[in-house]
Amino acid sequence: PLLVIAGWGYPPADLGRFCRGLGQPGVGVQALAPAELPAGARQPVEAGGPFQLSDYAAGLVARLAGRGAATDLVGWSLGGMIALEVAACCPASVRRLVLISSAARLCRALVYACGLPEANVRALRAGLRKDPAGTLAAFYRLAAAPFPEPVPACVPPDSDRDGALA
């Protein structure tokens with residue numbers, strides 16, 4: 001089985017042509033949005049372990065539990081972050097993993113300089129409350145053409161992109 005997880009702000013229907021191209025005889029391809037994942041309880045991966053699955057990843061783990069066999073996951077953007085988290089925490093559930101336009105995490109941290117500043121994510125949340133259509137349009141523009149050529153390996157913390165969504 002092959003499960004394709006869409007990114008944030010994009011419905012799985014946008015991946016229809018892509019999924020049809022992946023279809024092979026005897027291989028079912030299913031696309032879903034992160035919002036379609038069942039709400040999962042946040043629990044440590046191991047008893048007493050410090051790491052907890054995100055709600056999306058816990059929902060995917062719950063969905064995969066009913067399949068009985070390891071699943072091939074394809075994750076696009078946020079879907080890739082979710083798939084990566086599940087593969088890292090529950091490797092027996094994932095047979096193969098493909099990430100498309102994804103990152104290890106959304107926000108920048110001391111150990112991950114390539115993420116967005118948290119201020120951008122706060123601005124995105126505020127924009128969605130005030131002007132959902134305008135905020136989504138700005139998000140789509142940034143997602144489609146975020147950097148001038150050539151694409152840098154990661155954006156340094158002092159880049160002018162720090163306020164791009166503000």
Side-chain angles (χ1 to χ4, degrees), residues 2-23 29-40 42 51-64 71-89 94 96-166:
L2 176 62
L3 186 59
V4 180
I5 308 161
W8 178 85
Y10 292 90
D14 288 355
L15 297 175
R17 184 173 176 205
F18 174 75
C19 289
R20 285 189 300 278
L22 293 174
V29 179
Q30 179 185 7
L32 62 106
E36 295 177 81
L37 294 169
R42 297 177 130 219
F51 185 79
Q52 291 186 327
L53 292 171
S54 69
D55 290 337
Y56 288 133
L60 181 55
V61 167
R63 188 177 194 114
L64 295 177
T71 301
D72 296 335
L73 295 179
V74 176
W76 174 32
S77 190
L78 174 61
M81 289 183 217
I82 296 165
L84 182 61
E85 185 177 358
V86 170
C89 297
V94 180
R96 292 184 289 192
L97 176 66
V98 176
L99 305 177
I100 302 169
S101 295
S102 193
R105 59 181 292 149
L106 180 62
C107 291
R108 183 176 295 154
L110 288 175
V111 296
Y112 189 74
C114 295
L116 288 173
E118 287 187 30
N120 287 35
V121 178
R122 285 192 299 274
L124 179 63
R125 286 181 184 150
L128 287 170
R129 284 190 297 272
K130 293 177 186 174
D131 178 15
T135 301
L136 281 173
F139 174 81
Y140 295 145
R141 279 192 306 275
L142 285 171
F147 301 106
E149 295 296 330
V151 177
C154 75
V155 180
D158 62 345
S159 101
D160 60 358
R161 292 213 3 114
D162 283 3
L165 290 173

- Query: Out of Asp72, Val94, Leu64, which one pairs with Leu3 under the side chain to side chain contact (heavy atoms under 4.5 Å, CB included) rule?
  - Reply: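 Per the side chain to side chain contact (heavy atoms under 4.5 Å, CB included) rule, the option paired with Leu3 is Leu64, out of Asp72, Val94, Leu64.
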- Query: Do you know which two heavy atoms are closest between Cys19 and Ala31, and how far apart they sit?
  - Reply: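 It is SG-CB, 3.8 Å.
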- Message: Which heavy atom of Leu37 sits nearest to which heavy atom of Tyr56, and what is that distance?
- Response: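 Distance-wise, the nearest heavy atoms are CD1-O, 3.3 Å.
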- Message: Within this structure, what is the CG-CZ distance for the pair Asn120 and Phe139, rounded to the nearest 0.5 Å?
- Response: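 One gets 11.5 Å once the value is rounded to the nearest 0.5 Å.
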- Task: Hey, could you give me the CG/CD1 distance between Leu84 and Ile5, rounded to the nearest 0.5 Å?
- Result: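 These two atoms lie 11.0 Å from each other.
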Is it the case that the side chain of [X] and the backbone of [Y] share a donor-acceptor pair, with hydrogens and angles ignored and the cut-off at 3.5 Å?
X      : Y      : value
Arg108 : Leu116 : no
Thr135 : Gly127 : yes
Glu85  : Ile82  : no
Ser77  : Ser102 : no

- By side-chain hydrogen bond (donor to acceptor under 3.5 Å, both in side chains) - contacts of Arg125 (at least two apart):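 Residues passing side-chain hydrogen bond (donor to acceptor under 3.5 Å, both in side chains) with Arg125: none at all.
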- Query: So does Glu36 have more than 12 non-hydrogen atoms from other groups sitting under 6.0 Å from CD?
  - Reply: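 Correct, the count exceeds 12.
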- Verdict with supporting geometry, Val29 and Val74, side chain to side chain contact (heavy atoms under 4.5 Å, CB included): CA-CA 10 Å; Val29 179; Val74 176; over 6 Å; no
- Query: Can you list the steps and then say if Leu73 with Val4 is a side chain to side chain contact (heavy atoms under 4.5 Å, CB included)?
  - Reply: CA-CA 6 Å; Leu73 295 179; Val4 180; over 6 Å; no
